[in-house]
Amino acid sequence: MSGQVLVLNTGSSSIKYRLIDMGTRRAVGGGLVERIGEDESVLTHDGVRTERRVADHEEGLKAMLAAFAEHGPPLDGVTAVGHRVVHGGSRFVTPVLIDDAVERAIEEMAPLAPLHNPANLEGIRVARRAFPGLPHVAVFDTAFHSTIPPHAHTYAVPREWTRKLGVRRYGFHGTSTAYVSRRAAALLGRPYDEVNSIVLHLGNGASATAVRAGRSVDTSMGITPLAGLVMGTRSGDVDPALGAYLGRVAGMDLAGVDAALNKESGLLGMCGANDMREVFRLADSGDEDARLALDVYGYRVRAYIGAYCAALEGDVDALVFTGGVGENSPRVRALATAGLARLGIEIDPGRNTAESAEARVVSPEGAEVAVLVVPTDEELEIAEQTAACLGDA
Ligand code: ADP
């Protein structure tokens, strides 16, 4: 497909947008509308920041259109709009051309992702009104994980929950993981469907995924993005009986526990900071809580690497770091791989600390497992999947 794809990632109070030229596969414009609904919303368009009140997503999209009209680039080359949608449930395992029925299906999946899907849907509705003549495609975060086999996606719970209520592991960060695992294979100079990798997407949210021959075979997030690794504000794995215990001893209700595990836990809960740079600063100044938080974070990542080495039957070609933390923090990469030499996983200190924004190898020459840093680009991946969906239609 030639032309340009406008990629929209709509959150509950933000719209992130990127205009991608499909000829060059490069972003030619983009920005972010933040704090929608608050008194002082912020629009940052191609790095230029303006403050104004943006009451809702409809106004947010209008502000974006006005910014394109005023500062460029022109939008007349746009041939499609690609939308990030967090949860596709069991139904959407590939990108899909949006019509009213797809909108309704995304709406029906709101209970699975109450924080995300309603906002994504609002973005779709507003954008379909703003660009009625263009095809709109939904790209789902869960889709890449649709290849996870039943033994890895089934929870050991009453089967009626699984069959009637959609209870199972879905996984998230799929768009990012698909992108970086493909880039990793290219970096190794090997065909994508011959490479086994473990992808660590470490950002505010964090997940680990085992990719066998280019297909996801297990991932650390579950029916919601709360499970698995320690995150900025999310706990990751805890005993499932924790909610019942807190109900008994502290009178907390399930909604309160759910909110606390999502928003007040993780690094923030353990040491009062959710930005990894701040956690290191605290730890370096002697803060014991921050030191412990780093130990917990690193140990959890290593435990998942071990589990996924087993899931891949020991046949691991690459360990791939991505996301804001994974891409930018040599210290986290060192922490996450410490003591794993027997698994063939080692880091070269010089390579690990060398600054670069490019995809690169940070393991020693000739290492059994190539440890890679691959900057993710979810917007480019959404644009490509949008183009592929329309090409196949
Ligand atoms: P999201 O998951 O929201 O997409 P990102 O992937 O952009 O977030 O990751 C954001 C996080 O990356 C920040 O909270 C910060 O902790 C971390 N980060 C960014 N730069 C660095 C750095 N140089 N060192 C350590 N952590 C960093």
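Atoms within each ligand, like the ligands themselves, are counted from 1 in listed order.
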Problem - Per-atom contact, atom 24 (N) of ligand 1, protein heavy atoms, under 4.0 angstrom - result: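 Flag for atom 24 (N) of ligand 1 set to true, protein heavy atom closer than 4.0 Å.
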Which atoms from ligand 1 have a heavy atom of [X] less than 4.0 Å away?
X    : result
G323 : 6 (O)
G205 : 2 (O)
S329 : 24 (N), 25 (C)
G203 : 2 (O), 5 (P), 6 (O), 9 (O)

Please tabulate, one pair per line, all N/O donor-acceptor pairs under 3.5 Å involving side-chain atoms of residues 150-166, not counting sequence neighbours.
from: T154; atom 1: OG1; to: P150; atom 2: O; distance (Å): 2.6
from: Y155; atom 1: OH; to: I223; atom 2: N; distance (Å): 3.0

Practice task
Report yes if some N/O of D275 lies less than 3.5 Å from some N/O of ligand 1; otherwise report no.
Solution key: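 Yes; at least one N/O pair falls below 3.5 Å.
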Handout entry: Sub-3.5 Å N/O-N/O distance, L202 and ligand 1
Key =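 So ligand 1 has no N or O lying under 3.5 Å from an N or O of L202.
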Handout entry: Salt-bridge present (D100, R128; N to O < 4.0 Å)
Key =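 Salt bridge present between D100 and R128.
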[atom] [closest protein heavy-atom partner, distance rounded to 0.1 Å]:
atom                    : answer
atom 17 (C) of ligand 1 : V325 CG2, 3.5 Å
atom 3 (O) of ligand 1  : N204 ND2, 3.1 Å
atom 26 (N) of ligand 1 : M276 CB, 3.5 Å
atom 6 (O) of ligand 1  : G324 N, 2.8 Å

Practice task
Mark yes when over 12 heavy atoms from residues, nucleotides or ligands other than R183 sit less than 6.0 Å from its CZ; otherwise mark no.
Solution key: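 No, because the 6.0 Å sphere around CZ of R183 holds 12 heavy atoms or fewer from other groups.
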Practice task
Among D284, D287, D289, L294, find the one that has a side chain to side chain contact (heavy atoms under 4.5 Å, CB included) with V279.
Solution key: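 Only one option passes, and that is L294.
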Handout entry: Parallel, tilted or perpendicular: rings of H87 and Y170 (30°, 60°)
Key =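 Judged by the thresholds at 30° and 60°, the geometry between Y170 and H87 is perpendicular.
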Exercise for the section: Examine distances only and state if a side-chain atom of N196 and a backbone atom of A213 form a donor-acceptor pair shorter than 3.5 Å. Expected result: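 Pair found, side chain donor or acceptor close to backbone of A213.
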Exercise for the section: With rounding to the nearest 0.5 Å, note down the distance linking CD1 in I106 to CD1 in I98. Expected result: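 The CD1 atom of I106 sits 5.5 Å away from the CD1 atom of I98.
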Exercise for the section: Verify the ring-centre separation between F68 and H45: is it less than 6.0 angstrom? Expected result: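 Yes, the ring centres sit under 6.0 Å apart.
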